[in-house]
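Note on naming: letters A, B, ... go to the chains in the order of the sequence lines (proteins, then strands), and numbering restarts at 1 for each one. Quantities reported herein were computed from a predicted structural model and do not represent experimental measurements.
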Number of protein chains: 2
Amino acid sequence: MATLKDISAELGLSVATVSRALNGFPEVSARTRARVQDVADRIGYKPNRIAQRLVTGRSGMVGFIAKLNADMTADQTFLEILTGLTAALAERDVDLVLSVDQHDDPVTVYERMLERGILDGFILNAPVPNDPRVAFLQARGIPFVMHGQSDPEVHYPFYGIDNRAVSRDAVSLLATLGHRRIALLNGDINFSFAIDREEGFREAVAQEGLNTPEAFIGHETPSESYGYTEALAMLSGRRGAQPTAIVCGSTLIAAGVMRAAKDLGLSVPSDLSLIAHDDALPQFRAVNFDPPLTVTRSPLRDACSPLANHLIDHIAGGEADTLQTQIRAELIVRESTGPVPKGGTDPWP
Amino acid sequence: MATLKDISAELGLSVATVSRALNGFPEVSARTRARVQDVADRIGYKPNRIAQRLVTGRSGMVGFIAKLNADMTADQTFLEILTGLTAALAERDVDLVLSVDQHDDPVTVYERMLERGILDGFILNAPVPNDPRVAFLQARGIPFVMHGQSDPEVHYPFYGIDNRAVSRDAVSLLATLGHRRIALLNGDINFSFAIDREEGFREAVAQEGLNTPEAFIGHETPSESYGYTEALAMLSGRRGAQPTAIVCGSTLIAAGVMRAAKDLGLSVPSDLSLIAHDDALPQFRAVNFDPPLTVTRSPLRDACSPLANHLIDHIAGGEADTLQTQIRAELIVRESTGPVPKGGTDPWP
DNA sequence: ATCGGCATTTAAAACGTTTTGAGTTTTTCG
DNA sequence: CGAAAAACTCAAAACGTTTTAAATGCCGAT
């Protein structure tokens with residue numbers, strides 16, 4: 001393995017000059033830089049990252065901790081995030097150290113990983129309101145980036161979508177189509193994203209002047225079966241008034257709703273309109289639904305690169321407030337939404 | 001972050017002695033060692049991995065590279081492995097650096113990760129015959145451990161099950177129950193484990209003196225739909241003789257077979273016996289099938305700890321040949337297997 | 001009392017890099 | 001031409017650990 005010393009010896013320069021030449025410092029002459037570069041290329045010099053890290057205090061490694069659900073399965077989005085993240089980090093020459101959290105206390109794993117002293121920062125996902133990880137890491141001065149926001153106003157770097165707008169856009173489209181009875185099958189309400197979606201939903205239905213009973217709003221860890229059972233209960237009339245449109249927190253839930261509608265002999269969109277939020281997971285594509293789903297779309301994969309860059313920039317000293325990005329999910333109208341069916345606008349019984 | 005110097009300053013010892021005391025060198029007195037250990041514990045000293053690595057050449061970090069399938073989804077077993085692995089490695093104070101491989105060439109990602117020079121070794125999974133990663137890593141002298149075996153005789157550490165025995169056990173049970181027409185729906189035949197299962201299957205049917213047409217042996221990336229379509233084709237008689245028993249490469253495939261049987265009005269086990277290999281993924285439990293599945297069982301999670309330990313021991317200098325473990329998957333007879341139905345023993349048409 | 005031998009401890013070098021502060025050469029300008 | 005400024009280069013320190021080689025202290029034996 002070639003070292004700086006090898007180059008310096010060959011050229012009769014000091015290692016200091018060689019180091020500067022290779023790192024593009026301005027005070028080294030063009031001629032010297034060229035000579036150094038030549039030799040470096042010729043003998044295939046690669047800086048020893050370990051040595052670099054020892055002196056700079058940076059390791060070029062960031063941590064990601066996957067949280068297992070109670071049923072010991074990680075959510076589906078996890079792998080998608082991981083894939084994009086390692087690729088995006090690799091672009092900037094950073095490695096990802098992974099751990100899977102099986103504890104109850106959300107911060108113990110972070111603590112354990114910090115003990116090693118090899119991490120420059122963390123990437124966090126699935127924020128909850130007043131997230132304890134935020135307090136912990138901020139208290140220790142450890143840089144991190146969040147996928148999403150734990151709270152409306154935060155002082156750390158993040159990248160995420162406007163979840164209130166997701167619901168507002170969905171409701172607004174449905175209201176335009178004449179729907180007056182709109183239900184929401186949301187994701188796990190413990191997470192900030194689901195809370196925001198529900199708040200946005202309530203805001204929007206209020207603004208449209210719609211009557212929305214509590215029975216129209218549900219939330220649970222997304223699954224096909226949740227969508228199925230809940231939609232069956234709502235659409236069969238067992239719970240009173242039936243919705244003419246359902247907004248789903250995920251395409252998985254929408255699949256269940258679809259099946260329920262089919263079992264009840266309802267067709268989409270003539271009897272029931274459906275909008276889902278679509279993270280664009282490759283396993284489960286909204287366009288492949290029958291009919292293709294109208295969605296608020298925001299590919300999870302798109303978040304990876306900004307997350308990686310925000311974190312790396314933050315580690316390099318970038319101000320947290322300048323590294324906050326909130327984007328608007330795209331509303332894509334396909335064929336699962338249509339005008340309210342006859343009778344759908346009837347006053348409440 | 002506490003360093004050796006902090007401890008040495010506090011006790012009035014040299015850093016050399018402190019280092020030796022903590023690393024269990026014999027020449028330090030028991031009293032000194034205890035004093036050092038006390039202070040180290042109190043101030044929460046953890047050796048700086050980076051500094052250790054610079055001088056020893058070891059980092060305490062190992063790599064794992066997840067391979068995406070062509071459809072950009074990783075197989076289901078990946079997360080299970082990852083979970084167990086990080087836990088097992090953490091036990092021995094080793095971290096896992098992850099990368100997701102989106103390349104065609106299987107070794108480029110390994111090459112890229114090695115360039116950084118921060119990894120002590122790798123954990124490999126999903127071996128294929130004559131695995132190029134093996135050749136690559138062995139040529140470079142990089143330690144690794146394999147989940148499974150790429151070939152019948154290998155010279156690297158591994159942990160895995162006897163896949164030939166998996167098929168033999170299944171066939172043997174079915175033969176005992178009188179079945180003469182046994183089919184195999186195997187996993188992706190590119191992988192060594194599937195090749196071994198098929199070979200074991202062929203050996204076993206031959207030994208039992210059974211007639212098994214090629215149409216009885218299929219293989220594909222495990223999925224419910226593969227099990228369904230393939231079973232439908234076989235059981236409907238469209239392909240000629242119908243099997244009275246099917247051995248499935250995974251519980252996922254078995255689920256599809258179950259659905260096909262149901263659609264054809266066949267009941268399990270009276271009309272069709274079913275055995276699956278069960279990796280014991282928590283999402284998909286063989287006991288929850290109706291009827292509960294007879295399986296060859298080998299929890300994936302069980303592999304993690306041996307894999308971690310084999311690798312760490314190998315890095316520490318353990319001989320590859322002493323770090324090879326092959327276990328036998330357990331045959332668990334439940335209710336999806338039964339005596340061959342009437343007419344099932346008929347000679348071939 | 002002195003020496004050898006043993007147990008314990010220490011100082012210092014090493015790993016490969018970055019960076020500080022100081023030195024040396026070259027250029028610029030009066 | 002000479003001095004000040006600019007441009008370039010260097011030696012050395014630092015990062016935190018392991019390890020080599022040397023030193024210290026203590027003991028019993030000479």
When you get a sec, tell me which of [options] is the closest nucleotide to the side chain of [X]?
{"X": "A/Ala16", "options": "C/dT19, C/dT9, D/dG16", "value": "C/dT19"}
{"X": "B/Leu13", "options": "D/dT18, C/dG16, C/dT10", "value": "C/dT10"}
{"X": "A/Val15", "options": "D/dT17, C/dT18, D/dT18", "value": "C/dT18"}
{"X": "A/Asn23", "options": "C/dT18, D/dG16, D/dC10", "value": "C/dT18"}
{"X": "A/Leu4", "options": "C/dT18, D/dA11, C/dA14", "value": "C/dT18"}
{"X": "B/Ala51", "options": "D/dT9, D/dC15, D/dG16", "value": "D/dG16"}

* More than 12 heavy atoms of other residues, nucleotides or ligands under 6.0 Å from CD of A/Glu319: is that the case? -> no
Tell me whether the side-chain N/O atoms of [X] come closer than 4.0 Å to OP1 or OP2 in [N].
{"X": "B/Thr32", "N": "C/dT9", "result": "yes"}
{"X": "A/Ser14", "N": "D/dA11", "result": "no"}
{"X": "B/Gln52", "N": "D/dG16", "result": "no"}

Rounded to whole Å, how long is the line connecting atom [atom1] of [X] with atom [atom2] of [N]?
{"X": "A/Ile118", "N": "D/dC15", "atom1": "CD1", "atom2": "P", "result": "20 Å"}
{"X": "B/Asn48", "N": "D/dA14", "atom1": "CG", "atom2": "P", "result": "17 Å"}
{"X": "A/Tyr45", "N": "C/dG16", "atom1": "OH", "atom2": "C1'", "result": "7 Å"}
{"X": "B/Arg53", "N": "C/dC15", "atom1": "CZ", "atom2": "C1'", "result": "11 Å"}
{"X": "A/Arg58", "N": "D/dC15", "atom1": "CZ", "atom2": "P", "result": "16 Å"}
{"X": "B/Lys5", "N": "D/dT18", "atom1": "NZ", "atom2": "P", "result": "15 Å"}
{"X": "A/Arg31", "N": "C/dT26", "atom1": "CZ", "atom2": "C1'", "result": "13 Å"}
{"X": "B/Arg49", "N": "D/dT18", "atom1": "CZ", "atom2": "C1'", "result": "15 Å"}

Sugar-phosphate only, base, or nothing, as touched by [X] at under 4.0 Å among non-hydrogen atoms:
{"X": "B/Thr17", "answer": "base"}
{"X": "B/Ser29", "answer": "sugar-phosphate"}
{"X": "B/Gly12", "answer": "sugar-phosphate"}

* Does the base of D/dT20 carry an N or O that pairs as donor and acceptor with the side chain of B/Arg20 under 3.5 Å? -> yes
* Asked: Roughly how far apart are A/Tyr159 OH and A/Gln149 CD, rounded to 0.5 Å?
  -> 12.5 Å
* Measuring from A/Leu311:CG to A/Asp120:CG, what's the distance to the nearest 0.5 Å? -> 8.5 Å
* Which residue lies more 5' along DNA chain C, comparing A/Glu27 with A/Thr3 via nearest heavy atoms -> A/Thr3
* Mapping B/Ala30 and A/Ile50 onto DNA chain C by nearest heavy atom, which one lands closer to the 5' end? -> B/Ala30
* To do: Report yes if the side chains of A/Tyr156 and A/Gln138 come closer than 4.5 Å at any heavy-atom pair, otherwise no.
  => yes
* Asked: Going by heavy atoms in the side chains, are A/Gln326 and A/Ile161 under 4.5 Å from each other?
  -> no
* Asked: Looking only at atom types and distance, does a side-chain atom of B/Arg301 sit under 3.5 Å from a main-chain N or O of B/Leu281, one as donor and one as acceptor?
  -> no
